[in-house]
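Residue numbers begin at 1 in each chain, while the letters A, B, ... track the order of the sequences. Worth knowing before you read on, the calculation uses all heavy atoms, side chains too, and leaves out hydrogens, waters and symmetry mates.
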Amino acid sequence: METIFDVENFNLWYGDNHALHNINMKIEKNAITALIGPSGCGKSTFIKTLNRMNDLIPSVKLSGSIRYRGQEIVNSDINVYNLRKEVGMVFQKPNPFPMSVYDNIAYGPRTHGIKNKSQLNDIVEKSLRDAAIFDELKDRLKDSALGLSGGQQQRLCIARALAVKPDVLLMDEPTSALDPISTSKIEELVLDLKKEYSIVIVTHNMQQAVRISDYTAFFLLGDLVEFDKTDKIFSKPSDKRTEDYITGRFG
Amino acid sequence: MNLSDKSNKDSVETIASTIFLILGVINIGFVLLICVYLIIAGLPAIVKIGPIDFLFGTKWASTAADPKFGILPFILTSIYGTAGAIIIGLPLGFFSAVYLAKIASKKVRYVVEPLIDLLAGIPSVVYGFIGMLVLVPSIRTLFGLPDGASLFAAIIVLAVMILPSIIKVSITALEAVPQEYELGSLALGANEIETYYRVIVPAAKSGIAAAVVLGVGRAIGEAMAVMMVAGNAANMPSLFESVRFLTTAVASEMSYSSGLQREALFSIALVLFVFIMMINATLNVLLKRGGVKRK
Amino acid sequence: MSDNAKPSLQQKSLPFGRSLYSHALQSCMLLCIGITVALVFFLILYILIRAIPYFSWEILTTKPSYLRGTIGVLPDILNTIYLVFTALVIVLPLGVGAAIYLNEYAKSQKLVKVIEYAVETLAGIPSIIYGLVGMLFFCQFLSLQTSLLAGSLTLVIMSIPVIIRTTQESLKTVPNGYREGAFGLGSARWHMIRTVVLPCCIDGIVTGCILAAGRMLGESAALLFTAGFAHALHGYIDGITSSGATLTVALYVYAKEQGEFEVAFVIAAILLVLCFITNYLAQAYGRHMKKIKQ
């Protein structure tokens, strides 16, 4: 298997607060990697460094190395806009822009310079199809995205992320604000997307990690306690703390 | 209230609630008072002159032997003047607001916002005075005019005067846009500027429209500053000529007016009032839609 | 753009179109904020620099005399103080009372909507119209003549919205628990308002007063036909019953009608300083109160 993110001795501070300690992991291409752990363990912070969204918080300091396809992204002078184009992100709370469904999807491609109408139409249709929401929305492309249900909004956001043709999709608890039916639709979709994309997903829900992920990383208080194949983590974890967490002793 | 109404010993409560009811309702009375007075004072002259001649007459000669009372020049001047002020003030205020709301550091905002407040608080006569001493002569020399007191001078003064309200209302509107939109756009690889102008600004458009309408209301109702720089001749509007606005038409002749002339001045005020009412109605709709509180 | 032509992370600059767009907007913003700030500084410096040479103890403490050919702004300062004081004393109970009605007493939402709409309408009416109606109603109908009192009453109606709005805002911040607590102890409504609610929103009322005073200090169009132009020196009682120019009206008359620019600059500088002080007080007081509440 090919590695897409290679994390070595990575540390992160919020001001004086040492939030992530010496993280080492290799994230595989075309696989689903789940990040689990109790609230405040650093998993969301970690996922945001993969597309440098942490740049927006001025007090954040980083050390160590994360290489995306061999290119150093920690403290390096890369083009973050291109990085974020290649490493897309879906947020916890669905955040469609207050514009039409069509304009939401076309926003990314337009930003990256695609003006041609028929090309945009193709991208919008393909992205919606890939996000398995085209049939539901094909007659509502001109309607405001804010009128959709929560589950539809989240799939729209996934489609919006796919429209800029990323390699990686980062998903920060994408189903935590959704009902069970919408959640299972998103899970199916994520499994389907694995063929073309590498996916890193933060989740609170351990069943979800078991259902969809190939690899699981367990974070606790800023440490990466254990990182392995999902089957292994949930059947015979090698660390006592992992076992305690997945058997529900804390968290 | 029901309980205290029923208790016979506590008449204080009954009196208090009655007084407060009166104090609340009296505000409706004030508005009615203003409406009724303007209509009573303003309508007769419109009827006497004839609504068409009054509103669309192009000549105002109130003190001539054969007086003419056409206020089209004033209406058009007010509209052009306000439009001009918006054309200059809106971009200036809009870009300043985006800068302050989104880019400026806390320190910069801490220094600049009081300055904007100061701009909002400077009395209109002071604007008129500075306009008279600085702007009018500059326009005269710059454009080689016999007199710089003109529609153009009034437009600049009005633009400066509406600037603070445009900036402040726009900032409130921009800050009311949820941060998730910003993150969503950045995560797609848009840079900060693209994010501000292609997501945040469109999301705040109702509030920004409200800022514009508020500015229109201020500009169309301003009298003193305009009176000091516009020259006050009852010409049809032209950028570099002396002009008279609806407001200044009322103010400049009121002190020596009598008879039909005086009645006609009240009619002008009535026309101005109708304009303002329409603007306020628009403003209320926009403010509700934009979810922005009026300051 | 084909699927596999990925933009490199090493390619530092954005494509030409995007970087042009960003730089153009960035420059636009810097230019506009620069102009705005420069404008404020120009106004402040211009007024102060031109006014300072004419400032003297004499000009501040005398009245103009055609006999001696001297000029002074003391009557205008006093008139302004009388006017603002009178208007505040009247508008305060009216505005606070209306706000209390809207927030604490009103049962019918319809009536509240109508009153709030009326208040918003009052806030949007230009001052020249207040001036006209004030002239017709206070000066003529109530035969107060052109006097500071008529001017004050006109300003009262003008500034009611400011007081109502700030009072209402701070009434809304008083937690409902306080009210329920007082009711639970058997307090009647007015008693509860007087002892529990009002003390909590003094800050809003004070801020409202400062803002209203600021507006009154700067008002001129509404006073032209109601308060008059005289520069006579009076005590309070004589003052409010006779015609008198406030600082703003005096500035207008000196600058526009008489061409007395020296005294006009002095008045402009005084008004600027007053505006600065009221803004500062309103802000500082607001911040102070926020701190105390936390």
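Taking B:Ala251, B:Pro164, B:Ala281 one by one and counting their heavy-atom pairs under 4.5 Å with chain C, the maximum is reached by B:Ala251. Counting heavy-atom pairs closer than 4.5 Å to chain B, the top residue among C:Ser127, C:Cys275, C:Pro93 is C:Cys275. Per-residue heavy-atom pair counts under 4.5 Å with chain C were compared for B:Val111, B:Ile15, B:Leu133, and the maximum is reached by B:Leu133. Ranked by non-hydrogen atom pairs under 4.5 Å with chain C, the options B:Leu33, B:Val112, B:Asn27 are led by B:Asn27. Of the listed residues (B:Tyr110, B:Tyr127, B:Tyr196, B:Phe94), the greatest number of heavy-atom pairs within a distance under 4.5 Å of chain C belongs to B:Tyr110.
Rounding to the nearest 0.5 Å places CD1 of C:Ile47 at 5.5 Å from CD1 of B:Ile122. If you take CD1 on B:Ile130 and CZ on C:Phe42, they are separated by 6.5 Å, rounding to the nearest 0.5 Å.
Shown are C:Ile125, C:Ile128, C:Leu132; of these, the side chain to side chain contact (heavy atoms under 4.5 Å, CB included) with B:Leu272 is made only by C:Ile128.
Distance alone, capped at 3.5 Å, is enough to place a donor-acceptor pair between the B:Glu13 side chain and the C:Trp190 backbone.
Heavy atoms closer than 4.5 Å to chain B are found in both the backbone and the side chain of C:Ile115. Neither the backbone nor the side chain of B:Ile279 comes within contact range of chain C; no heavy atom of the residue lies under 4.5 Å from a heavy atom of that chain. Proximity to chain C involves both the backbone and the side chain of B:Met227, based on heavy atoms less than 4.5 angstrom apart.
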